[in-house]
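What follows is one structure encoded as C-alpha cells, with my remarks underneath.
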Amino acid sequence: MSSQEISKATQCIWAGEESSLIQGATQVPVVHSVGFGYKDVDEWMQVASGEKPGHIYGRNTNPTVDAFENKIRQLEDAEAATSAATGMGIISSMLYALLSPGKRVVSVKDTYGGTNVLFNEFLPKFNIDVSLCNTTDHDEIESEIAKGCDLVYLESPTNPTTKVMDIARLSAAAKRIGATVVVDNTFATPINQQPLSLGADLVLHSATKFLGGHADALGGVICGEKQLIEKIYHYREINGATLHPMAAYLILRGMKTLALRIDRQNQNAIKIAHFLEGHKAVEQVFYPGLESHSGHAIAKQQMCGFGGMLSFMIKGNNFNDVRKFVPRLRYAHAAANLGAVETTIGPPVTTSHVECTAEERAAAGIPESLIRYSTGIEDSNDLIADLDQALNVFA
Ligand SMILES: *Cc1c(COP(=O)(O)O)cnc(C)c1O
C-alpha cells in the first residue's frame, strides 16, 4: 500500500517503526548505546561505507531516531528525512549545508525569532544575502524571487499573528528560477498542511511543539528529496546537533496521537476564536479559520484544518492589561512553548518579541496587548469559561 492510500491517523500509529522493533517488541526501544559493534570487519566496512543498512556511532544515526524520522517522513509523504536536537538545530543545519558565500535567500519578516536571528545576524557574516519581505505581500516576495535567489524560506501560519503565505504560488515562482523552497510547517503539522504536495522541496518542524505534543522533549526534523536530505544530514552529523534517542522516543510516542490531538485542537481553536471575536474586551482575533482573517481564503485552499494557534488583542493595547489578565487564567500555562496538550499562553512581549522595543514591536505589527494562545486538548467549554472569567476583569 502506498503511503497516500493510508490515512494520516493510521500512519501516526504504524508508520516507520517496523525496522526498529526487536525481539518481538511492539514498541520502539530506546537505544542508548553510543557505539554499534561488528565482529565481522567486512560487514563493519559495508555499514560504514553505506553499502549495508546499520549503525556505527550515535552522533550519526540511531535506531530510535530512525523510527522517528521514518514516521514523519511518511506523514509528509517524502523520500527522506533527517533530524536534529532542536528545531533551530535542523534549521541552521539546513541553511549551512545548502548555502555558501555569494548565495541569496528570500524570506519574510515574520519567521520564527531564532530563524530571524540567523537571517539578520549570522548568514550575512558569511556573505550570504538575505532579503526579508513583508510576510503577506505576495507581489513583493515574487518580485524578490524573480531577481534571482538560491533558497526561498517560508513559514505558514506565522508566529504570533498567524499570517498565511500562499505556498503553491511562491513555490511556483521559486521553481521558475530554480531556487529551493523550504517551509517551516511547525504550526500546521502534516495533519493540517502538506507543503511538499504544494510544490515545496523541503518541509521542516520544531518537533518540540505539536509533533511531540507534550512539552517534554526538544527536537527538529526536515523531510524532502534524498539528495537534499543527504547534504543536510552530512552537515548535521559533523556539527553534532544530534537528536537524543530518549527525546526521539518521547516525540515518537507523542506522534501516535498527533492526528487525534490536532483534530481536537482545530475544533477547540475555532470555537475559542469565535468566542473571543464576540467578546467586548477583545479588539481583534488572529486565527486563519476566521472569515475576518486576511489569509482565510489561502488557508482554506492549502490547509485541511486551521490549527491550534491563535492570538488576540485586548482592547486599549496596554501591556498592563496583559499583566492583569494572565494570572487569572486557570487552564493555561503562561510559558514560552506551544503545541502541547495543555493550553499555553505567551504574550509576544515576554516570548517571541522580548528583545524588541515597543516601537519595534509596533513596526512589526505586534500590539502590546497581544496574547498568543496555544489551544490544548481540554474541553472547549472549560477553556471558554476560563477565558470569559479572566476577561471579565475588564468589564
Ligand atoms: C519553536 C519553533 C522553532 C524552533 O524550534 P526549537 O525546537 O525551539 O529549536 C522553529 N519554528 C517555529 C515555527 C517554532 O515555533
Side-chain angles (χ1 to χ4, degrees), residues 76 78-156 158-159 163 165-186 195-196 198-206 220-242 364:
E76 291 287 10
E79 201 182 353
T82 193
S83 60
T86 62
M88 285 316 300
I90 206 67
I91 294 167
S92 54
S93 293
M94 179 276 295
L95 293 171
Y96 288 112
L98 302 185
L99 296 168
S100 55
K103 300 277 186 196
R104 180 163 187 264
V105 180
V106 171
S107 188
V108 295
K109 289 181 181 155
D110 286 64
T111 54
Y112 176 73
T115 311
N116 207 260
V117 172
L118 287 172
F119 287 157
N120 282 317
E121 190 177 330
F122 290 98
L123 294 185
K125 284 209 269 194
F126 294 93
N127 193 25
I128 294 163
D129 178 37
V130 185
S131 295
L132 300 182
C133 305
N134 290 304
T135 305
T136 53
D137 189 342
H138 286 74
D139 292 336
E140 182 194 354
I141 304 168
E142 270 184 345
S143 86
E144 280 302 318
I145 293 171
K147 286 180 192 164
C149 69
D150 303 280
L151 195 99
V152 174
Y153 187 97
L154 310 174
E155 186 177 319
S156 185
T158 62
N159 185 16
K163 291 185 181 133
M165 311 178 67
D166 189 332
I167 297 169
R169 176 176 165 184
L170 298 172
S171 296
K175 285 280 135 66
R176 287 197 282 277
I177 56 134
T180 302
V181 180
V182 187
V183 178
D184 183 336
N185 205 27
T186 301
L196 299 182
L198 298 165
D201 300 293
L202 292 164
V203 55
L204 65 84
H205 292 271
S206 166
V221 70
I222 191 161
C223 311
E225 261 176 43
K226 192 159 179 259
Q227 163 250 339
L228 285 171
I229 294 298
E230 273 173 358
K231 275 192 197 169
I232 298 163
Y233 163 72
H234 178 57
Y235 180 71
R236 201 277 296 144
E237 100 184 281
I238 300 306
N239 79 16
T242 307

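Every value quoted in this text rests on a predicted model; they were computed, and no experiment measured them.
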Original post:
Is there a side-chain contact between L98 and Y235, using heavy atoms and a 4.5 Å cut-off?
Top reply: no

Subject >> Flag, side chain of E144 to backbone of S131, donor-acceptor distance under 3.5 Å >> reply: no

Original post:
Is L196 close to V183 at the side-chain level, that is, under 4.5 Å between some pair of heavy atoms?
Top reply: no

Subject >> Check: K103 and D129 side chains under 4.5 Å, non-hydrogen atoms >> reply: no

Original post:
Looking at I145 and L170, what are the two nearest heavy atoms and their distance?
Top reply: CD1-O, 4.0 Å

Original post:
What heavy-atom pair brings V221 and A81 nearest, and what distance separates the two atoms?
Top reply: CG2-CB, 4.5 Å

Subject >> Check: T186 side chain, S206 main-chain N or O, donor-acceptor pair, under 3.5 Å >> reply: yes

**OP:** Report yes if some heavy atom in the side chain of I222 is under 4.5 Å from a heavy atom in the side chain of I229; otherwise report no.
**Re:** yes

Original post:
How long is the span from the CG atom in L123 to the OG1 atom in T115, to the nearest 0.5 Å?
Top reply: 10.5 Å

**OP:** Please collect all salt bridge (Lys or Arg N to Asp or Glu O under 4.0 Å) contacts where either partner lies in residues 228-239, sequence neighbours excluded, each pair once.
**Re:** K226-E230

Original post:
CD1 of I232 to NE2 of H234: how many Å apart, nearest 0.5 Å?
Top reply: 12.5 Å

**OP:** Could you tell me the separation between the CG atom of D201 and the CG atom of L151, rounded to the nearest 0.5 Å?
**Re:** 9.0 Å

**OP:** Mind listing the closest non-hydrogen atom pair of F119 and P124 along with its distance?
**Re:** O-CD, 3.2 Å

**OP:** Drop me the distance from N116's CG to N159's CG, to the nearest 0.5 angstrom.
**Re:** 11.0 Å

Original post:
Is it true that a side-chain atom of E155 and a backbone atom of Y112 form a donor plus acceptor pair closer than 3.5 Å?
Top reply: yes

Original post:
Counting distance only, does the side-chain N/O of N185 pair as donor-acceptor with the main-chain N or O of H205 below 3.5 Å?
Top reply: no

Original post:
ring-ring contact (aromatic ring centres under 6.0 Å, His included): which pairs involve residues 120-141, sequence neighbours left out?
Top reply: Y96-F126

**OP:** For residues C149 and I177, determine if any side-chain heavy atom of one lies less than 4.5 Å from a side-chain heavy atom of the other.
**Re:** yes

Original post:
Could you walk me through whether K147 and V106 pass the side chain to side chain contact (heavy atoms under 4.5 Å, CB included) check?
Top reply: CA-CA 10 Å; K147 286 180 192 164; V106 171; over 6 Å; no

**OP:** For T158 and D110, indicate whether the former's side chain and the latter's backbone hold a donor-acceptor pair under 3.5 Å.
**Re:** no

Subject >> Where A78 and G224 come nearest, the two heavy atoms and their spacing >> reply: CB-N, 3.6 Å

**OP:** State, yes or no, whether a side-chain contact exists between N120 and V130 at a heavy-atom distance under 4.5 Å.
**Re:** no

**OP:** Write down the atom of E142, the atom of A173, and the distance for their closest heavy-atom approach.
**Re:** CG-CB, 3.9 Å

Original post:
So how far is it from T180 OG1 to L228 CG, rounded to the nearest 0.5 Å?
Top reply: 5.5 Å

**OP:** Could you pull out the closest heavy-atom pair between P195 and I167, with the gap in Å?
**Re:** O-CG2, 4.3 Å

Original post:
Can you tell me how far CG of L154 sits from OG1 of T135, rounded to the nearest 0.5 angstrom?
Top reply: 10.0 Å

Subject >> Check: D137 and V108 side chains under 4.5 Å, non-hydrogen atoms >> reply: no

Original post:
Under the side chain to side chain contact (heavy atoms under 4.5 Å, CB included) criterion, do K175 and V152 qualify, and how do the steps go?
Top reply: CA-CA 10 Å; K175 285 280 135 66; V152 174; over 6 Å; no

Original post:
Taking it one step at a time, do L95 and I128 satisfy side chain to side chain contact (heavy atoms under 4.5 Å, CB included)?
Top reply: CA-CA 10 Å; L95 293 171; I128 294 163; over 6 Å; no

**OP:** Compare all side-chain heavy atoms of K163 with those of K109 and state whether any distance is below 4.5 angstrom.
**Re:** no

